[in-house]
**Q** 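Before anything else, here's the structure in question.
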Amino acid sequence: MKKRLSMLGLSAAALSPSLAQAAPAALDKADNAFMMICTALVLFMTLPGIALFYGGLLRGKNVLSMLTQVMVTFALVCVLWVLYGYSLAFSEGNAFYGGFGTAMLKGIGIDSITGSYSQLVHVAFQCSFACITVALVVGGFAERIRFSAVIIFAAIWFTLSYLPIAHMVWGGGFLAADGALDFAGGTVVHINAASAGLIGAYLLGKRAGFGKEAFKPHNLPMVFTGTSILYIGWFGFNAGSAGEANGVAALAFLNTVVATAGAILSWVFAEWLVRGKPSLLGACSGCIAGLVAVTPAAGTVGVGGALIIGLVGGIAGLWGVVTLKKWLNVDDTCDVFGVHGVCGIVGCLLTGVFTASSLGGSGYADGVTMGHQVWIQLLSVIITLIWSSVAAFIAFKIAGVLVGLRVPEEQEREGLDINSHGESAYNQ
């Protein structure tokens, strides 16, 4: 167990302020600076990364609604994280939730240490993960949801799903004790968000005109810009999950580069083969697919394993947005489940394979075989899918009762920018 926490960048001190005070830890200025830089990079992934990526995928009449949803949910999660989120995720509790011992960051000061860096930085770093997870969800049901419903959903789902999953995987809860490997967020971030986005897409129904009208991204250069920001920011996401500026961080950094490159190539060449032309949208989607797939594995697999995960992730992501989406018969606006869900699942399962020392990985815990580790990974995937889906269903139902989920059709056709926010992105 101690080895697993170390690989996730979490010492026992990270799980409780009382342990943090008792442990003979000392702040390392280099690690502290490294973690602050990584935190800033992950925050940069949400604002502006996710906002621009999703915004470019929508029609021009809805781009401001997406930017607003991402920015306001970002702010909401930041506040909730300080109020009670960090405490419920990372303080001592039971198998599913932490306690309220560090609510409002009680007992955490400038001298509190997590591992070799300030616990205040740990609060900020983990806050950045929570922010981007909630922001990812909104892409699944964009262009038809009420803004007020987004806010209510975000607060409830964050509390009912993000916090317990984070505690179960990274906070010493059920899945951590079971031996699940998730270096930087395959279950906690991507599968968690994708499941909620899929439930939202089903509950809100398809956009007006879906299947009859051409719904094309209105600004591919914006998509490319958002993708590029996400790619750079992801180094903070993955390398920062090592918890210090060490060899594991370097491995995660290189694995992120290699896996993503492999996924871009596999997606583009597969698309070229099937559709006859390679596209910028395909390259951007492949980039995200590779980043997602390698996330749970980044610090525990070798470079060769990361490359294979990326190559498989690119193909899996293309299948997710083309074939699986049709099978599910759902209007997942920004293909949240097709990319983040499918590639997150693929990455989590392959983490169980390529962490094997015989395949260049860091190796399993004592007595654990590859078959057992893959089973544990599969169990963590299934639990996350079910937990997040149920929490999302509850959150959407509550929002629906309080304010209603969907805007009227005439407002939807005119666009959410002008109707929900009284603004227009482009001069008409």
Side-chain angles (χ1 to χ4, degrees), residues 46-47 50-80 130-162 192-213 215 217-218 329-337 340 388-426:
T46 306
L47 296 175
I50 287 293
L52 291 176
F53 177 73
Y54 278 171
L57 289 173
L58 304 186
R59 290 169 290 177
K61 62 185 179 181
N62 295 312
V63 58
L64 294 184
S65 71
M66 176 55 67
L67 302 185
T68 307
Q69 288 172 22
V70 171
M71 176 167 277
V72 175
T73 56
F74 175 95
L76 175 65
V77 171
C78 281
V79 172
L80 296 180
C131 289
I132 197 170
T133 304
V134 176
L136 285 172
V137 178
V138 301
F141 41 81
E143 298 197 310
R144 70 266 205 199
I145 192 170
R146 294 180 185 273
F147 181 69
S148 54
V150 173
I151 302 304
I152 294 169
F153 161 80
I156 297 172
W157 183 82
F158 164 77
T159 305
L160 296 183
S161 188
Y162 183 81
N192 203 5
S195 303
L198 185 65
I199 295 299
Y202 274 122
L203 292 179
L204 273 98
K206 298 175 182 178
R207 288 167 287 177
F210 183 78
K212 301 176 182 178
E213 304 170 14
F215 288 2
H218 90 283
N329 191 28
V330 65
D331 182 10
D332 180 354
T333 310
C334 298
D335 292 313
V336 180
F337 194 83
H340 294 272
S388 176
S389 297
V390 171
F393 184 84
I394 294 170
F396 280 117
K397 286 300 182 180
I398 293 174
V401 170
L402 294 177
V403 297
L405 289 179
R406 188 162 178 162
V407 300
E409 184 175 341
E410 60 271 18
Q411 293 185 16
E412 181 183 339
R413 288 193 175 278
E414 187 177 2
L416 299 188
D417 289 0
I418 193 67
N419 282 292
S420 296
H421 306 289
E423 300 171 301
S424 179
Y426 308 104

**Q** Do the side chain of Thr333 and the main chain of Ala142 share a donor and acceptor less than 3.5 angstrom apart?
**A** yes
**Q** Which pair of heavy atoms, one from Lys61 and one from Glu414, lies closest together, and at what distance?
**A** CD-O, 3.7 Å
**Q** Is it true that Arg413 and Glu213 have a side-chain N and a carboxylate O under 4.0 angstrom from each other?
**A** yes
**Q** Please check this pair: side chain of Tyr54 against backbone of Leu136, looking for a donor-acceptor N/O pair closer than 3.5 Å.
**A** yes
**Q** Could you tell me whether Arg207 sits above the aromatic face of Phe215, with NZ or CZ closer than 6.0 angstrom to the six-membered ring centre and within 45 degrees of the axis?
**A** no
**Q** For residues 66-73, tabulate all N or O donor-acceptor pairs below 3.5 Å that involve a side-chain atom, not counting sequence neighbours.
**A**
unit_1 : atom_1 : unit_2 : atom_2 : d
Thr68  : OG1    : Leu64  : O      : 2.7
Thr73  : OG1    : Gln69  : O      : 2.7
Thr73  : OG1    : Val70  : O      : 3.2

**Q** Using distance alone, with no hydrogens and no angle criterion, decide if Asn192 and Thr133 have a side-chain donor and acceptor under 3.5 Å apart.
**A** no
**Q** Looking only at non-hydrogen atoms, find the nearest pair between Ile50 and Ile132 and report the distance.
**A** CG1-CG1, 4.0 Å
**Q** Just do the salt bridge (charged side-chain N to carboxylate O under 4.0 Å, His left out) check on Glu412 and Arg406 with the steps written out, would you?
**A** CA-CA 9 Å; Glu412 181 183 339; Arg406 188 162 178 162; 2.9 Å; yes
**Q** In sequence, state the C-alpha distance, the side-chain angles, and the governing distance for Tyr162 and Ser388, and then conclude on side chain to side chain contact (heavy atoms under 4.5 Å, CB included).
**A** CA-CA 8 Å; Tyr162 183 81; Ser388 176; over 6 Å; no
**Q** Hydrogens and angles aside, do Asp417 and Ser424 bring a side-chain donor and acceptor to less than 3.5 Å of each other?
**A** no
**Q** Under 6.0 Å between ring centres: does that hold for Phe396 and Phe141?
**A** yes
